[in-house]
Each structure stands twice: as C-alpha cells, then as structure tokens.
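Quick note: numbers below take in every heavy atom, side chains included, and nothing from hydrogens, waters or symmetry partners.
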Amino acid sequence: MNKTNGKIAKQSKEKIAKALLVIMEQYHFKEITITQIAQEAELSRKTFYRLFSDKEEVLTYLFDNLYTECFAQMKERKVQHYWDVVQCYFDFWEAHNSLLTLLKKNNLLTFLFEGYYQYSFEIFEYVRTKEIVDEYSSTLPYMLAYSVGGMHSMLMKWVEEDMKIPSSLLIEKLKNGFMSAEI
C-alpha cells in the first residue's frame, strides 16, 4: 500500500469511528447498522467493509487509539509508580467524561477492560523494566489482571456515580483507604 492509500484509509477509519459515536448519541449501539455508520461517515458500505469487519471492530479501533493516547500521556508525565499510573488513567478518562457517559448509556463500559488489559503489559514494562517483566513472566498476567480489573471496576463505579468526585480526590481517597490500618 502506498502512503497516500494508507493516509486515506486512516482518514476513513477516523470518519467511521466518529460517525459511530455521533449515531450512538441517538441510537443504542445494538440497534446501529453498518449502513447508518457509512452514511454518517459519508462513505460507502464497501469502504466500511474494506476497513472493518463489523461495528465492534470500530469500537476496538477507537479504544486502541484512546489507549495509545493514554499511554502517551503516561510517558509524557514520566510515571514511575503504580499510583501515578492509576492517577494518569483516571485523569485521562476524566478528560473524556462525555465518551464514558456515552459508553455507559450504550452498556459498553465492560468493553474497555479487554483493551486496557492488553496495554497493561506495555505500561508495566515502561514503568519497570524488560528484565522485571521477564522475571515475573509466569505471575505477571495474574498481577496485571488483578490490578487492571480493580482499576476498571473502580472506573465503572465512578461513571455509575456520574464522576462527581474529581479523579485526583478519588485516587487520594483510594490510596488512603489502602494505607489505613482500620480497613
């Protein structure tokens, strides 16, 4: 594929992802058709199917881009500790609160977990080292599943309560709770 075709494909993918979000404002995700998405994106169904196999793949594409952006913010902040990762994760989603609300409305919050779990290995290696990843290779998938599962459950609870607590205060309360001798 030449660079022009790659650039056009990327632009078309972006249009399709944005179109899906626009339509989700009015229709539940399960009700949305490929035709609606293609029409909203002002592309043909043929173009849609050249780029995606179904609307779930569009969500995966959208989430992959968001996780890449979140990880870039972690690198920009030079996070080096677990709590820094958690804070950055929640700050990122707080900045995308309208998207979280839309996902909640469409019962798609659980879809976020799978993508983030995949990125957690890369994040862990960034925060620690490749050597530590290799040393803990047999237990790391369990440790990350536990950690990411907890973060995601907390994210879902926060969204259910309309994100009323600022992310910085939420994480501070969580840290204090874990460090408390009474709990």
Side-chain angles (χ1 to χ4, degrees), residues 6-7 9-25 29 32 37 41 48 51-130 132-134 136-137 139-160 162-163 165-168 170-171 174:
K7 186 176 180 180
K10 184 173 175 23
Q11 288 172 346
S12 295
K13 283 183 172 186
E14 292 294 321
K15 283 182 172 184
I16 289 168
K18 287 178 183 173
L20 176 61
L21 294 176
V22 167
I23 297 167
M24 283 172 51
E25 293 284 349
F29 180 77
I32 297 171
I37 298 169
F48 178 95
L51 300 169
F52 298 104
S53 58
D54 54 30
K55 62 187 177 186
E56 286 78 8
E57 195 174 328
V58 177
L59 277 180
T60 299
Y61 171 79
L62 178 68
F63 293 158
D64 281 346
N65 286 337
L66 288 164
Y67 290 129
T68 299
E69 185 183 334
C70 183
F71 188 35
Q73 284 184 13
M74 289 179 191
K75 287 179 175 179
E76 192 176 291
R77 289 186 185 185
K78 296 178 172 71
V79 298
Q80 293 298 312
H81 302 284
Y82 173 77
W83 289 109
D84 296 336
V85 170
V86 175
Q87 185 66 63
C88 190
Y89 180 75
F90 275 84
D91 290 348
F92 177 82
W93 286 113
E94 186 171 42
H96 292 83
N97 63 359
S98 58
L99 177 59
L100 286 175
T101 301
L102 184 61
L103 294 174
K104 175 186 168 188
K105 175 182 155 189
N106 284 271
N107 299 319
L108 295 171
L109 285 172
T110 56
F111 205 72
L112 281 174
F113 172 78
E114 290 177 31
Y116 191 66
Y117 175 72
Q118 297 307 315
Y119 276 91
S120 67
F121 291 87
E122 189 176 350
I123 293 167
F124 186 86
E125 186 175 320
Y126 170 75
V127 171
R128 297 295 177 227
T129 64
K130 175 83 168 107
I132 292 175
V133 169
D134 292 342
Y136 290 95
S137 63
T139 56
L140 190 58
Y142 297 100
M143 292 167 35
L144 290 176
Y146 176 81
S147 180
V148 172
M151 283 174 51
H152 185 71
S153 293
M154 196 169 99
L155 180 73
M156 289 178 59
K157 184 68 175 166
W158 186 52
V159 173
E160 284 173 14
D162 299 319
M163 299 166 276
I165 302 171
S167 65
S168 57
L170 179 69
I171 302 309
L174 183 66

Pairs flagged by salt bridge (charged side-chain N to carboxylate O under 4.0 Å, His left out) wherever residues 83-99 is involved - sequence neighbours left out: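 Pairs touching residues 83-99 that pass the test: Arg77-Asp91.
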
Which pairs with one or both residues in residues 57-71 pass salt bridge (charged side-chain N to carboxylate O under 4.0 Å, His left out), sequence neighbours excluded?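 Listed once each, the pairs would be none.
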
Are [X] and [Y] close enough that some pair of their side-chain heavy atoms sits under 4.5 Å apart?
{"X": "Leu112", "Y": "Leu100", "answer": "yes"}
{"X": "Val159", "Y": "Thr101", "answer": "no"}
{"X": "Arg128", "Y": "Val133", "answer": "no"}
{"X": "Phe63", "Y": "Tyr116", "answer": "no"}

Distance (rounded to the nearest 0.5 Å) between [X] [atom1] and [Y] [atom2]:
{"X": "Leu99", "Y": "Leu62", "atom1": "CG", "atom2": "CG", "answer": "6.0 Å"}
{"X": "Phe124", "Y": "Tyr82", "atom1": "CZ", "atom2": "OH", "answer": "12.0 Å"}
{"X": "Gln87", "Y": "His81", "atom1": "CD", "atom2": "NE2", "answer": "14.0 Å"}
{"X": "Leu51", "Y": "Lys10", "atom1": "CG", "atom2": "NZ", "answer": "12.0 Å"}
{"X": "Phe48", "Y": "Lys55", "atom1": "CZ", "atom2": "NZ", "answer": "9.0 Å"}
{"X": "Thr60", "Y": "Gln118", "atom1": "OG1", "atom2": "CD", "answer": "11.0 Å"}

Minimum heavy-atom separation for [X] and [Y], please, with both atom names.
{"X": "Cys70", "Y": "Cys88", "answer": "O-SG, 4.4 Å"}
{"X": "Ala19", "Y": "Ile37", "answer": "CB-O, 3.6 Å"}
{"X": "Leu66", "Y": "Phe92", "answer": "O-CZ, 3.3 Å"}
{"X": "Met154", "Y": "Ile171", "answer": "CE-CD1, 3.4 Å"}
{"X": "Val148", "Y": "Ser120", "answer": "CG2-CB, 3.5 Å"}
{"X": "Lys13", "Y": "Phe52", "answer": "CG-CZ, 3.6 Å"}

Residue pair Ser167 / Tyr89, side-chain donor-acceptor N/O under 3.5 Å: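 No.
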
Geometric class of the Tyr126/Phe71 ring pair [parallel <30°, tilted 30-60°, perpendicular >60°]: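 The arrangement is perpendicular - the two ring planes meet at more than 60°.
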
Should the pair Trp93 and His96 be assigned to parallel (<30°), tilted (30 to 60°) or perpendicular (>60°) ring geometry?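 The rings of Trp93 and His96 stand perpendicular, inter-plane angle above 60°.
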
Does Lys18 NZ have over 12 foreign heavy atoms under 6.0 Å away?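 Open.
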
Decide if atom OH of Tyr136 counts as having more than 12 heavy atoms of other residues, nucleotides or ligands within a radius under 6.0 Å.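 Counting neighbours around OH of Tyr136, 12 or fewer heavy atoms of other residues, nucleotides or ligands fall under 6.0 Å, so no.
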
Working note: Glu14 + Tyr61, criterion side-chain hydrogen bond (donor to acceptor under 3.5 Å, both in side chains); need CA distance, chi angles, decisive distance, verdict. CA-CA 9 Å; Glu14 292 294 321; Tyr61 171 79; 2.6 Å; yes

Evaluation steps, side-chain contact (heavy atoms from CB on, under 4.5 Å), between Met24 and Leu108: CA-CA 11 Å; Met24 283 172 51; Leu108 295 171; 3.7 Å; yes

Apply the ring pair (Phe, Tyr, Trp, His ring centres under 6.0 Å) test between Tyr67 and each candidate in Tyr117, Phe121, Tyr119; give the one that qualifies.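 Running ring pair (Phe, Tyr, Trp, His ring centres under 6.0 Å) over Tyr117, Phe121, Tyr119 with Tyr67 returns exactly one hit, Tyr119.
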
The test is side-chain contact (heavy atoms from CB on, under 4.5 Å); show your working for Phe29 and Leu59 and say whether it passes. CA-CA 10 Å; Phe29 180 77; Leu59 277 180; 3.5 Å; yes

Any donor-acceptor pair under 3.5 Å from Ser137 side chain to Asp134 backbone: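 Pair found, side chain donor or acceptor close to backbone of Asp134.
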
Short question: side chain of Thr129, backbone of Glu125 - any donor-acceptor pair under 3.5 Å?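 Here the side-chain-to-backbone pair does not exist.
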
Under the salt bridge (charged side-chain N to carboxylate O under 4.0 Å, His left out) test, residues paired with Asp162 that sit two or more places apart: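 For Asp162, the residues satisfying salt bridge (charged side-chain N to carboxylate O under 4.0 Å, His left out) (neighbours in sequence not counted) are Lys104.
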
